[in-house]
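Computed from a prediction, not measured in an experiment: that's the story for all the values here.
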Amino acid sequence: MPKLTIDGMEVTVEPGTSILQAAEKLGIEIPRFCYHDKLSVPANCRMCLVEVEKSPKPVASCAMPCGDDMKVFTQSAIAKKARKGVMEMLLINHPLDCPICDQGGECDLQDQAVSFGFDRSRYHEEKRAVKDKEMGPLVKTVMTRCIHCTRCVRFGEEIAGVDELGVLGRGEHLEIGNYVTQAMTSELSGNLIDVCPVGALTSKPYAFTARPWELHKTESVDVLDAVGSNIRIDCRGAEVLRILPRLHEDINEEWISDKTRFAVDGLKNQRLDRPYVRKNGKLQPATWPEAFDAIAAQLKNRKIGAIVGDLADCESIIALKDLMRALGAANLECRQDTAQIDPAQPAGYLFNTTIAGIEKADAILLVGTNPRVEAALINARIRKTWLAKRIKIGVIGPQMDLNYPTKYLGAGPETLEELLNGKGAFADVLSKAQNPMIILGAGALRRADGLSIQVLARKVAEKYNMVKEGWNGYNMLHSQAARVGALSLGFVAGNAETWQKVNALYLLGADELPLEKMEVNTFVIYQGHHGDRGATRADVILPGAAYTEKNATYVNTEGRPQHARQAIFPPGEAREDWKIIRSLSEVLGKTLPYDTLAQVRQRLVQENGLFNEIDAVRSAKWVPFGKEGKCDKAPFVLPINNFYMTDPISRASRVMAECTKVFVMKADQERAVARG
């Protein structure tokens, strides 16, 4: 292992480590623009130049591997002069528009110009101007600011998997642009804003909204899918203005999906901010006591059931479960999509490999899932694994573009049965793999034979040695943030169509049910934060808090509990969900035995020890799950058609509506034209 000296400090590093990485290990800062931890090394900005003993000229530290007995100087006169020269060149054509640039205050170019640059310029020629590029409704471009670091190009090619950005021209005519003028067709395009070190790429919806120093920052987790991406919520006053990614190597690394980032405006649209009670066929504003009294009056002599929605937090789920049990209600359900999942065994409904564990796989089988729209960050992790090892990836279900090469195997359960019998070329791939894995999606389970398909997938996993010591390659991919938490808390009745068996129904943020099929005389209580589908059918509405407005616990698809933290207060008379249920329990004469958040979380631990290990993943014991039976020959149907509108928050977002128009509707029209 190379041992070298940097600024007089000795360090031993792994072979292939660059000088820049070695310096970071010692806590020495070397400026850079083009270098990024998650991207390939182009060494084209030259800002990271350092002096190396016996080298005839400064070297780019990001691309120079460490050598034994190498002596590096990052603060020598030669290194400082080289950086000042590079910075002077970078600023020749850079516009002086920092006061109106959205990157102002968090701009790498600003910071490094002050710390490492020269205090004047020797160039007086006219600055070059570059025409802005159209990249869709999410990313705003001011290409005159571009310093040609190529981070955006490499992100598109390596992480997002869309080769739509490139370097055009040469010399003074060199530009970053899209080859064809069109929106960037990636669910991760917003991360271009984060990787850009200057103000060339900024957020179009956030343009001219606020400065970084005006914002209050809160660390939390995303709930618009089941990945559990770590995020930072930036708000000013009572309004959330933007959401940014937070580093978590085991989950989202440092990326987030476009829905997570840009659906933020949906948090203030169509909000429920006061209770409502239906009188004479119309919903009328009411006080909390009036709403609770109306519920108490109607629940007498009714058979009650409860359904948990996709955004519900674990505290409210356990409170609702305790209340329903106290009322003698047995009809509890969390599977709005009627997915046939065996809730008894966690190994059957968890992403057992873990998200980071995808990188250890050497063969992947996707069954009834499109991870690109169901979990964009998991899809990016699969692509990362394919790039590193060129693994084989098989698909059973509808054909789709996943931004990496796949082998299409078939459309439905018959193909899975053929694999179980060892038929087909992909059976050989799985047999030879050391760490094969299967990802089962809701598209395979939202059907009457779902439990039988789950058994089939389990047998395939066992046949191809996917489950062994130190490796469990059987995975279920959820797209609902509340699903795993609710299953872990036993909020299930064994039948995903509970709502059809009762005449009083408590909906905790449940908006995906076909409520038009419900009996007219069914009394519906809706507790949620948006006036979505559930609220339109409700007889009583109890306004709850969105995920940015409460301290709550969520469990992601791999079974990792995480805490979301309150960034702002709920609007109007809305309250945190578990507090609403606790207050209602008093009126119903079934007072729940907890008064504080700490006590509720202690109740969670009593129900399942999983909640005592925040941000940790437990290994689930491998035992048989599912139900033996004959599988229908019908092909699998994917659960999500529109990535940009999957929940009440994103459906209320004007930005997501524009994305739907640009990306989804336009693509549908193009396909219709192609079919003639």
Open item on the list: For Arg246 and Asn252, which I'm curious about, is there any donor-acceptor pair between the side chains at under 3.5 Å?
Closed with: no
Open item on the list: Could you check whether any side-chain N or O of Asp258 sits under 3.5 Å from a backbone N or O of Gly190, counting only pairs where one atom can act as donor and the other as acceptor?
Closed with: yes
Open item on the list: Using 30° and 60° as the class boundaries, would you call the ring planes of Phe663 and Tyr644 parallel, tilted or perpendicular?
Closed with: parallel
Open item on the list: Could you measure the distance from the NZ atom of Lys630 to the CG atom of Asp632? Nearest 0.5 Å is fine.
Closed with: 9.0 Å
Task: Donor-acceptor contact present, side-chain His530 to main-chain Gly266, <3.5 Å - done: yes
- [ ] Might you point out which heavy atoms bring Pro398 and Leu638 nearest each other, and give the distance in Å?
- [x] CG-CG, 3.7 Å
Open item on the list: Using modelled atom types and a 3.5 Å cut-off, is there a donor and acceptor pairing between side-chain atoms of Asn352 and backbone atoms of Tyr474?
Closed with: yes
Open item on the list: Between Glu249 and Lys384, does any NZ, NE, NH1 or NH2 come within less than 4.0 Å of an OD or OE carboxylate oxygen?
Closed with: no
TODO: Would you mind reporting whether Ile378 and Asp225 have side-chain heavy atoms less than 4.5 Å apart?
DONE: no
- [ ] Report the C-alpha distance between Ile251 and Val221 in whole Å, list the side-chain angles of each, state the deciding distance to 0.1 Å, and finish with yes or no for side-chain contact (heavy atoms from CB on, under 4.5 Å).
- [x] CA-CA 11 Å; Ile251 302 177; Val221 295; over 6 Å; no
Open item on the list: Give me the atom names and distance for the closest heavy-atom approach of Val153 to Leu165.
Closed with: CG1-O, 3.6 Å
- [ ] Would you indicate whether Lys389, at its atom NZ, is surrounded by more than 12 heavy atoms from other residues, nucleotides or ligands within a distance under 6.0 Å?
- [x] yes
Side chains of residues 477-484: which donor-acceptor partners sit under 3.5 Å, not counting sequence neighbours?
unit_1 : atom_1 : unit_2 : atom_2 : d
His478 : NE2    : Tyr349 : O      : 2.7
Gln480 : NE2    : Asp337 : OD2    : 3.3
Arg483 : NE     : Cys334 : O      : 3.3
Arg483 : NH2    : Asp337 : OD1    : 3.3

Open item on the list: If you count heavy atoms of other groups shown closer than 6.0 angstrom to NZ of Lys321, is the number above 12?
Closed with: yes
Task: Value rounded to 0.5 Å, distance of CZ in Arg383 from CZ in Arg372 - done: 10.0 Å
TODO: Side-chain contact test, heavy atoms from C-beta onward, threshold under 4.5 Å: evaluate it for Leu377 versus Ile355 and give yes or no.
DONE: no
TODO: Evaluate the criterion side-chain contact (heavy atoms from CB on, under 4.5 Å) for residue pair Ile159 and Val195; output intermediate values, then yes/no.
DONE: CA-CA 12 Å; Ile159 307 297; Val195 300; over 6 Å; no
Open item on the list: Between Asn191 and Ile256 (side chain of the first, backbone of the second, donor and acceptor by atom type, cut-off under 3.5 Å), is there such a pair?
Closed with: yes
- [ ] Would you mind reporting whether Asn178 and Met184 have side-chain heavy atoms less than 4.5 Å apart?
- [x] no
- [ ] Would you kindly check if the NZ (Lys) or CZ (Arg) of Arg537 is within the cone defined by 45 degrees around the ring axis of Tyr526 and under 6.0 Å from the six-membered ring centre?
- [x] no
Open item on the list: I want to check something: taking the side chain as every heavy atom from C-beta on, are Ile396 and Phe426 in contact at a cut-off of under 4.5 Å?
Closed with: no
- [ ] Quick one: pull up NZ in Lys407 and CD1 in Ile393 and give me the separation to the nearest 0.5 Å.
- [x] 14.0 Å
TODO: With the side chain counted from C-beta on, respond yes when Pro648 and Glu512 share a heavy-atom pair under 4.5 Å apart, and no when they do not.
DONE: yes
Task: Contact summary for Ala535 and Asp511, nearest pair of heavy atoms - done: N-OD1, 4.3 Å
Task: CZ (Arg325) with more than 12 external heavy atoms under 6.0 Å - done: yes
Open item on the list: Could you go through Arg261 and Asp194, starting from their C-alpha distance and side-chain angles, then the distance that decides it, and tell me whether this counts as side-chain contact (heavy atoms from CB on, under 4.5 Å)?
Closed with: CA-CA 11 Å; Arg261 185 187 299 266; Asp194 296 331; 2.6 Å; yes
Task: Residue pair Arg447 / Gln340: nearest heavy atoms and the distance that separates them - done: O-CG, 3.1 Å
Open item on the list: side-chain hydrogen bond (donor to acceptor under 3.5 Å, both in side chains) for Gln434 and Trp471? Distances and angles first, verdict last.
Closed with: CA-CA 10 Å; Gln434 295 298 311; Trp471 178 257; over 6 Å; no
Open item on the list: Let me confirm one number: the OG1-CE distance from Thr660 to Met645, rounded to the nearest 0.5 Å.
Closed with: 4.0 Å
- [ ] Could you tell me which non-hydrogen atom of Met437 sits nearest to which non-hydrogen atom of Ala361, and how far apart they are?
- [x] SD-CB, 3.4 Å
Open item on the list: Here's a test for you: under side-chain contact (heavy atoms from CB on, under 4.5 Å), which of Leu320, Leu508, Ile307 qualifies with Phe491?
Closed with: Leu320
Which atom pairs, donor and acceptor, lie under 3.5 Å between side-chain atoms of residues 308-316 and protein residues at least two apart or in another chain?
unit_1 : atom_1 : unit_2 : atom_2 : d
Asp310 : OD1    : Gln336 : NE2    : 3.0
Asp313 : OD1    : Ser316 : OG     : 3.2
Asp313 : OD1    : Lys550 : NZ     : 2.7
Asp313 : OD2    : Glu315 : N      : 3.3
Asp313 : OD2    : Ser316 : N      : 3.0
Glu315 : OE1    : Thr553 : N      : 2.8
Glu315 : OE2    : Thr553 : N      : 3.3
Glu315 : OE2    : Thr553 : OG1    : 2.6
Glu315 : OE2    : Arg601 : NE     : 2.9
Ser316 : OG     : Asp313 : O      : 2.9

Open item on the list: Do the side chains of Glu253 and Lys38 get close enough for a salt bridge, i.e. N-O under 4.0 angstrom?
Closed with: yes
TODO: Compare every heavy atom of Ser431 with every heavy atom of Tyr464, then report the nearest pair and how far apart it is.
DONE: CE2-OG, 3.4 Å
Task: Check: Glu607 and Ile317 side chains under 4.5 Å, non-hydrogen atoms - done: no
Please output the side-chain donor-acceptor pairs of residues 413-421 that fall under 3.5 Å, not counting sequence neighbours, one pair per line with the distance.
unit_1 : atom_1 : unit_2 : atom_2 : d
Asn421 : ND2    : Glu417 : O      : 3.2

Open item on the list: Around atom NZ of Lys423, are there more than 12 heavy atoms from other residues, nucleotides or ligands closer than 6.0 Å?
Closed with: no
Task: Lys/Arg-Asp/Glu bridge criterion (N-O < 4.0 Å) met for Arg458, Glu462 - done: yes
- [ ] Please report the C-alpha distance between Phe351 and Ile358 in whole Å, then the side-chain angles of each, then the deciding distance to 0.1 Å, and finally whether the side-chain contact (heavy atoms from CB on, under 4.5 Å) criterion is met.
- [x] CA-CA 10 Å; Phe351 202 94; Ile358 293 172; 3.8 Å; yes
TODO: To the nearest 0.5 Å, tell me how far Leu513 CG sits from Thr338 OG1.
DONE: 9.5 Å
Open item on the list: For Asp615, is there any backbone N or O sitting under 3.5 Å from a side-chain donor or acceptor partner on Arg560?
Closed with: yes
Open item on the list: Pair Thr260, Ser257 - check side-chain hydrogen bond (donor to acceptor under 3.5 Å, both in side chains), show working.
Closed with: CA-CA 5 Å; Thr260 299; Ser257 72; 3.0 Å; yes
- [ ] For Asp342 and Gly626, indicate whether the former's side chain and the latter's backbone hold a donor-acceptor pair under 3.5 Å.
- [x] yes
Open item on the list: Quick check against the 3.5 Å criterion: does Gln562 have a side-chain atom that pairs as donor or acceptor with the backbone of Asn556?
Closed with: no
Open item on the list: Using only atom types and a distance under 3.5 Å, with no angle test, would you say the side chain of Asp163 pairs donor to acceptor with the backbone of Gly161?
Closed with: no
- [ ] Validate the cation-pi geometry between Lys259 and Phe643: distance from NZ or CZ to the six-membered ring centre under 6.0 Å, angle to the ring axis within 45°.
- [x] yes
Open item on the list: Just so I know, are the side chains of Phe262 and Ser653 near enough to count as touching, which here means a heavy-atom distance under 4.5 Å?
Closed with: no
- [ ] Mark yes or no for whether Gln527, through its side chain, and Asp577, through its backbone, hold a donor-acceptor pair below 3.5 Å.
- [x] yes
Task: CG-OG1 distance between Asn472 and Thr353, expressed to the nearest 0.5 angstrom - done: 6.0 Å
Open item on the list: Is it the case that the side chain of Gln454 and the backbone of Gly348 share a donor-acceptor pair, with hydrogens and angles ignored and the cut-off at 3.5 Å?
Closed with: yes
